[in-house]
A.B. asks: 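Got a structure for you, questions after.
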Amino acid sequence: MADTSFVRTEMLPEQSPPLTSVGVLGWLRANLFSNLWNTILTVISLAFIGYLLAGLIPWVFQSVWVADSLNECREVMNATWGDTHGHACWAVIRERWLQLTFGFYPSELYWRPILAFVLLFGALAPVLFPWAPRWLLYVTAAYPFLFPWLMWGGTIWAPLMVAAGLAVGYFAHKFVEPILGGLAGMIIAVLAVIVWWLFLVGPLSGVLASIIPIGLEPVESRNFGGFMLSIMIGVVAIGVSLPIGIVLALGRQSDLLIVKAICVGFIEFIRGVPLITLLFVASTLLNIFMPPGTNFDIILRVMIMVTLFAAAYMAEVIRGGLAALPKGQYEGADSLGLDYWQSQRLIIMPQALKISIPGIVSTFIGIFKDTTLVSIIGLLDPLGLSNAIRADAAWNGIYWELFAFIAFLFFIFCFGMSRYSMYLERRLRTDHR
Amino acid sequence: MVEHTHETMVDREIDRSHMQVSDEVAIQITDMNKWYGSFHVLRDIDLTVNRGERIVICGPSGSGKSTLIRCINALEEHQAGSIEVNGTALTSDLKNVDKVRAEVGMVFQHFNLFPHLTVMDNCTLAPIWVRKTPKKEADETAMHYLEKVKIPEQALKYPGQLSGGQQQRVAIARSLCMRPQIMLFDEPTSALDPEMIKEVLDTMISLAEDGMTMLVVTHEMGFARQVANRVIFMDQGQIVEQNEPEEFFNNPKSDRTKLFLSQILGH
């Protein structure tokens with residue numbers, strides 16, 4: 001029998017790894033040339049990428065920037081590079097980029113959407129980044145009222161009166177709650193806000209505007225277009241669908257039968273219908289149900305529909321996050337005496353939302369790209385404008401350059417969201433193992 | 001499954017000067033029954049716990065011992081009979097439930113710490129939101145109890161960075177920060193590696209030394225012998241036998257108890 005007893009008398013010192021497994025050399029070896037088959041694949045892939053770039057790079061960079069029409073572009077191309085189509089005609093972008101960005105927004109008022117866009121970052125910063133100064137939260141709070149005023153113009157009293165509605169709701173709650181209790185207080189507060197917004201904001205701001213006329217020049221919705229429109233609809237849908245989605249996800253898990261039925265019904269109905277259908281409802285059918293003479297802005301209607309659509313998807317994404325949380329988290333919160341809303345807000349949602357980040361951001365990106373569907377109901381988003389530009393005899397027949405430009409801008413926004421979500425996931429990781 | 005003897009003994013002398021059982025009733029359970037669907041998990045439970053008692057509940061798995069203590073802070077609902085904690089009856093009134101939960105601390109097998117919060121925030125969350133304690137005071141209390149469980153240096157770490165034993169001690173500190181009058185322990189050492197069990201038991205013993213009312217579901221018979229003043233044996237949803245630890249271990253009356261003890265102490 002072999003001698004199985006063994007005692008180590010000295011511990012082994014640490015050694016550095018072999019040279020071929022570290023540094024650039026090690027990386028190349030491990031990732032590209034680890035064996036014959038992988039080496040072949042690497043070479044083939046590199047050749048394919050090279051072939052693609054050989055076509056793409058001249059198209060993008062050996063291009064025409066100054067021309068008044070597609071024909072002029074082609075003449076320049078023929079004169080410079082011979083009879084090929086392998087070169088882009090960016091002149092159309094150079095001529096029409098303002099239109100692709102702002103639609104038919106009056107050019108002397110461009111400062112307003114630009115200011116709104118800059119303020120958007122100010123409003124988002126304290127929400128997205130912990131290092132942003134806290135006073136920016138005031139910008140965040142003011143932004144929902146400031147943004148429509150900047151975009152559509154009109155009297156300053158309208159957004160101020162809308163904001164005052166929140167104060168009305170607060171006081172209604174404060175006076176009713178001690179008398180009728182929490183739930184009744186909540187309901188009456190919400191009703192008070194709705195009544196205020198529907199029936200009192202219009203007349204009140206009209207009266208105030210006639211006394212103290214401060215305002216911006218109004219801009220009609222039909223002049224809105226381009227990326228400005230996409231970003232407007234996208235930001236509203238993204239910002240509002242998240243809270244609605246949270247409420248729907250919680251409602252779907254509720255023990256209250258009617259709440260649950262309403263939430264399930266809403267989610268399943270909205271998810272079961274194509275967005276285009278909802279947009280058509282927004283553009284045509286909704287007017288039938290409105291009292292005659294009501295002027296319900298088309299962009300606002302579209303925003304509502306896109307938001308509801310996004311919220312239904314959001315609810316399911318968040319429900320996935322809730323389902324992934326161990327039951328022990330609920331029990332831990334319960335056993336400390338936290339009530340339902342406290343445990344949701346402090347324990348459950350922070351974790352469920354963190355788990356759902358990839359799904360939430362996918363939904364955001366999807367909904368932002370879906371804003372291009374509004375061109376179908378006649379709103380001039382970038383794709384709608386590209387059709388309009390082609391309708392011009394000078395640019396008839398130009399496709400690639402417009403689509404490439406639109407794709408490029410969408411990519412910047414979507415890639416930005418994607419990178420942010422990765423940053424957020426890294427920042428929220430607490431299991432540093 | 002790690003085999004160990006369930007006899008982790010604590011090697012220090014236990015200070016019994018504060019371990020007195022008073023006449024005041026802390027928990028009164030009368031004729032309590034509970035079903036999961038049609039399965040009768042708890043049958044006619046009658047149990048009176050006086051302030052300062054340290055009760056160990058043992059029994060085979062599925063005997064209803066965890067369910068019993070989970071009923072005491074309404075994590076499980078009972079369907080018949082009554083449970084009164086500190087004079088508050090557990091009914092469907094959520095106000096009563098929240099009141100009882102705030103007064104009764106609970107420690108779980110899997111710790112149930114909040115992984116997105118630091119150890120400190122885990123401890124101060126409930127005092128701040130439920131008791132409305134000012135943050136500074138809550139921080140001081142948390143630090144006091146983290147020192148008591150001997151991990152003040154981990155206060156700013158996240159639970160995921162701690163060992164199992166440390167996490168369980170944080171969970172105990174978190175419960176203590178609510179200054180509970182009763183502590184429930186649901187198999188607090190079952191998910192721990194053997195070398196971490198002792199540190200958690202030590203913490204529990206020091207709690208007992210301070211006179212805390214404790215109900216402990218555990219297989220740690222060494223702990224039961226040294227700390228408990230009463231051991232309850234449950235089987236099939238019923239209390240089969242209860243006695244002082246000395247009598248319970250040396251002279252069990254029921255055959256079920258004898259069998260159970262021989263199985264868990266026999267190796």
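Chain A is the first sequence line, chain B the second, and so forth, proteins listed ahead of strands; every chain is numbered from 1. All of these numbers come straight from a predicted model, not from anything done at the bench.
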A.B. asks: Applying ring pair (Phe, Tyr, Trp, His ring centres under 6.0 Å) as the test, list every pair that has at least one member in residues 313-350 of chain A; sequence neighbours left out.
C.D. replies: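 For residues 313-350 of chain A: A/Phe309-A/Tyr313.
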A.B. asks: Pick from B/His116, B/Lys157, B/Met106: which one has the most heavy-atom pairs with chain A under 4.5 Å?
C.D. replies: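 Option with the greatest count: B/His116.
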A.B. asks: Would you check if B/Trp129 and A/Arg345 make a side-chain contact, meaning some heavy-atom pair closer than 4.5 Å?
C.D. replies: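 In contact.
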A.B. asks: So, do B/His110 and A/Pro326 sit near enough that their side-chain heavy atoms are less than 4.5 Å apart?
C.D. replies: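 SC-SC contact between B/His110 and A/Pro326 ruled out.
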A.B. asks: For B/Gln181, does the CD atom have more than 12 heavy-atom neighbours from other residues, nucleotides or ligands under 6.0 Å away?
C.D. replies: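 Yes - once you tally the heavy atoms of other residues, nucleotides and ligands closer than 6.0 Å, there are more than 12.
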A.B. asks: Using non-hydrogen atoms only, which part of B/Phe108 is less than 4.5 Å away from chain A: side chain, backbone, both, or neither?
C.D. replies: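 For B/Phe108, side-chain heavy atoms alone lie under 4.5 Å from chain A.
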A.B. asks: Could you tell me which residues in residues 331-339 of chain A have at least one non-hydrogen atom under 4.5 Å from a non-hydrogen atom of chain B, sorted by residue number?
C.D. replies: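 Within residues 331-339 of chain A, the residues that come under 4.5 Å of chain B (heavy atoms only) are A/Glu331, A/Gly332, A/Ala333, A/Asp334, A/Ser335, A/Leu336, A/Gly337, A/Leu338, A/Asp339.
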A.B. asks: At a heavy-atom separation under 4.5 Å, does A/Gln342 approach chain B through its side chain, its backbone, both, or neither?
C.D. replies: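 A/Gln342 touches chain B through side-chain heavy atoms alone.
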A.B. asks: Does any backbone or side-chain atom of B/Leu113 lie under 4.5 Å from a heavy atom of chain A? Answer side chain, backbone, both or neither.
C.D. replies: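 For B/Leu113, the contact with chain A is made by the backbone alone.
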A.B. asks: Between B/Val97 and chain A, with a heavy-atom cut-off of 4.5 Å, which part of the residue counts as in contact: side chain, backbone, both or neither?
C.D. replies: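 Contact with chain A: none, neither part.
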A.B. asks: Is it the case that over 12 heavy atoms from other parts of the model lie below 6.0 angstrom from the NZ atom of B/Lys132?
C.D. replies: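 It does: B/Lys132 NZ has more than 12 such atoms within range.
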A.B. asks: Quick one: side chain to side chain contact (heavy atoms under 4.5 Å, CB included) partners of A/Val193, sequence neighbours excluded?
C.D. replies: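 Here the qualifying residues are A/Trp197.
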A.B. asks: Looking at B/Met196, I want to see if its CE is surrounded by more than 12 non-hydrogen atoms of other residues, nucleotides or ligands under 6.0 Å.
C.D. replies: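 Atom CE in B/Met196 is packed in, count exceeds 12.
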A.B. asks: Heavy-atom cut-off 4.5 Å, strictly under: side chain, backbone, both or neither for B/Asn73 against chain A?
C.D. replies: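 Only the side chain of B/Asn73 comes within 4.5 Å of chain A.
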A.B. asks: For A/Leu346 and B/Leu117, run side chain to side chain contact (heavy atoms under 4.5 Å, CB included): C-alpha distance rounded to whole Å, both residues' side-chain angles, the deciding distance at 0.1 Å, then the answer.
C.D. replies: CA-CA 10 Å; A/Leu346 301 167; B/Leu117 299 175; over 6 Å; no
A.B. asks: With a 3.5 Å distance limit and no angle check, can you tell me whether A/Gln329 reaches the backbone of B/Pro115 through a side-chain donor-acceptor pair?
C.D. replies: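 Side chain of A/Gln329 to backbone of B/Pro115, a donor-acceptor pair under 3.5 Å: no, none is there.
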A.B. asks: Applying side chain to side chain donor-acceptor pair (under 3.5 Å), can you list everything that pairs with B/Thr48, at least two apart in sequence or on another chain?
C.D. replies: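 Expected list: B/Gln28.
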A.B. asks: Heavy-atom distance under 4.5 Å to chain A: side chain of B/Arg70, backbone, both or neither?
C.D. replies: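 B/Arg70 touches chain A through side-chain heavy atoms alone.
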A.B. asks: Tell me if the OH atom of A/Tyr138 is crowded by more than 12 foreign heavy atoms within 6.0 Å.
C.D. replies: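 No, OH of A/Tyr138 has 12 or fewer neighbouring heavy atoms, counting only those of other groups under 6.0 Å.
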A.B. asks: State whether the number of non-hydrogen atoms from other residues, nucleotides or ligands found under 6.0 Å of A/Tyr170 atom OH is greater than 12.
C.D. replies: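 No, not enclosed.
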